[in-house]
S.K.: 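Below you'll find the structure I mean.
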Amino acid sequence: GNNAIVDWVMLEVRSAANSSLVIANKRALLQRDGDIVSSEDGISPVFLPGISSGNYYLSVKHRNHLGNMIATPVSLGTCASAVIDFTSIPVWVKSGEVNPPRKMVGAVGTMWAADANYNKNVKYNGISNDKDAVLSDLILR
């Protein structure tokens, strides 16, 4: 069903003052419908103990996709749960770059797959690398 666990991701909570500073990270599970849930039971929301109330950048990384970080910090409380929809919220784009590190499928933002040339390998440099396919697609947009 839609809630079946299909993979895992790494979540990061980053400082609002310096987005390169990781405050906390946690592995979580990915459901077929795209929900990210606790690795403890595969159902519950992800709990990040020790996070003070405040504003934070959030990022999600996957083992064979380009990571995404939200464009502006969001408020997190010590007890309240927050739902962040990475499919619709703007993601961070490096200064000077035009295209975000995700692919739009209709109105849904998705993570770029690292196996961009579909050869069942993830390779950054050399012959048949994935970097060239991603850059070519971004330039052609």
Side-chain angles (χ1 to χ4, degrees), residues 1-126 128-141:
N2 285 339
N3 290 331
I5 302 301
V6 294
D7 216 332
W8 65 275
V9 294
M10 177 66 76
L11 301 176
E12 292 179 338
V13 177
R14 295 168 173 251
S15 167
N18 177 1
S19 64
S20 64
L21 178 62
V22 177
I23 305 295
N25 61 27
K26 187 157 190 172
R27 286 184 226 51
L29 300 174
L30 180 64
Q31 293 179 338
R32 181 172 284 127
D33 62 4
D35 294 339
I36 297 173
V37 295
S38 172
S39 60
E40 304 294 322
D41 62 11
I43 298 169
S44 303
V46 178
F47 177 66
L48 293 158
I51 300 294
S52 302
S53 292
N55 293 326
Y56 298 95
Y57 285 100
L58 301 175
S59 73
V60 61
K61 295 180 177 182
H62 183 261
R63 61 188 171 80
N64 62 356
H65 288 73
L66 297 180
N68 279 202
M69 180 172 67
I70 59 176
T72 56
V74 294
S75 177
L76 297 179
T78 54
C79 294
S81 63
V83 175
I84 307 300
D85 185 352
F86 272 85
T87 67
S88 61
I89 194 169
V91 294
W92 181 83
V93 179
K94 184 177 177 180
S95 178
E97 297 213 9
V98 179
N99 297 303
R102 69 175 174 189
K103 182 172 180 73
M104 296 304 292
V105 177
V108 176
T110 63
M111 298 173 84
W112 275 98
D115 185 10
N117 59 14
Y118 306 104
N119 66 356
K120 299 189 191 295
N121 293 307
V122 176
K123 188 174 180 184
Y124 185 76
N125 280 324
S128 298
N129 69 65
D130 297 293
K131 173 186 67 175
D132 291 343
V134 170
L135 290 176
S136 174
D137 192 28
L138 288 174
I139 291 169
L140 294 175
R141 280 206 245 170

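Hydrogens, waters and symmetry mates play no part in the numbers below; they use all other heavy atoms, side chains included.
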S.K.: For R32 and V6, indicate whether the former's side chain and the latter's backbone hold a donor-acceptor pair under 3.5 Å.
M.R.: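 No; zero donor-acceptor contacts below 3.5 Å.
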S.K.: Enter the distance from Q31:CD to N3:CG here, rounded to the nearest 0.5 Å.
M.R.: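 These two atoms lie 4.0 Å from each other.
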S.K.: When rounded to the nearest 0.5 angstrom, what is the spacing between CG in D35 and CG in L30?
M.R.: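 D35 CG to L30 CG: 8.5 Å, rounded to 0.5 Å.
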S.K.: Please step through side chain to side chain contact (heavy atoms under 4.5 Å, CB included) for the pair D7 and R63, ending with a clear verdict.
M.R.: CA-CA 9 Å; D7 216 332; R63 61 188 171 80; 3.0 Å; yes
S.K.: Which distance, rounded to the nearest 0.5 Å, do you find between the CE of M10 and the NZ of K26?
M.R.: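 If I round to the nearest 0.5 Å, the distance is 11.0 Å.
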S.K.: Nearest 0.5 Å, what's the CG-NZ distance between L11 and K61?
M.R.: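 Result: 11.0 Å between the selected atoms.
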S.K.: Could you tell me which non-hydrogen atom of A28 sits nearest to which non-hydrogen atom of I36, and how far apart they are?
M.R.: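 Scanning both residues, the minimum pair turns out to be CB-CG2, 3.5 Å.
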S.K.: Please report the closest heavy-atom contact between Y56 and I70, naming both atoms and the distance.
M.R.: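 For Y56 versus I70, the nearest heavy atoms are O-CD1, 4.1 Å.
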S.K.: Going through the distances and angles, do M111 and V60 end up as a side chain to side chain contact (heavy atoms under 4.5 Å, CB included)?
M.R.: CA-CA 9 Å; M111 298 173 84; V60 61; 4.3 Å; yes
S.K.: Do V13 and L58 come close enough that some side-chain heavy atom pair is under 4.5 Å?
M.R.: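 In short, these two side chains touch, coming nearer than 4.5 Å.
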S.K.: How close do A24 and I51 get, counting heavy atoms only, and between which atoms?
M.R.: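 Heavy-atom minimum between the residues: CB-CD1, 3.5 Å.
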S.K.: At their closest point, which heavy atom of S15 faces which heavy atom of Y57, and how far apart are they?
M.R.: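 Of all heavy-atom pairs spanning S15 and Y57, the closest is O-CD1, 3.2 Å.
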S.K.: Do you know which two heavy atoms are closest between R14 and S20, and how far apart they sit?
M.R.: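 For R14 and S20, the tightest heavy-atom pair comes out as NH1-CA, 3.7 Å.
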S.K.: Quick one: side chain to side chain contact (heavy atoms under 4.5 Å, CB included) partners of N2, sequence neighbours excluded?
M.R.: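 With sequence neighbours excluded, N2 shows a side chain to side chain contact (heavy atoms under 4.5 Å, CB included) to D33, given in chain and number order.
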S.K.: Return the minimal non-hydrogen interatomic distance between M104 and G109, and the atom names on each side.
M.R.: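 Shortest heavy-atom contact: SD-CA, 3.5 Å.
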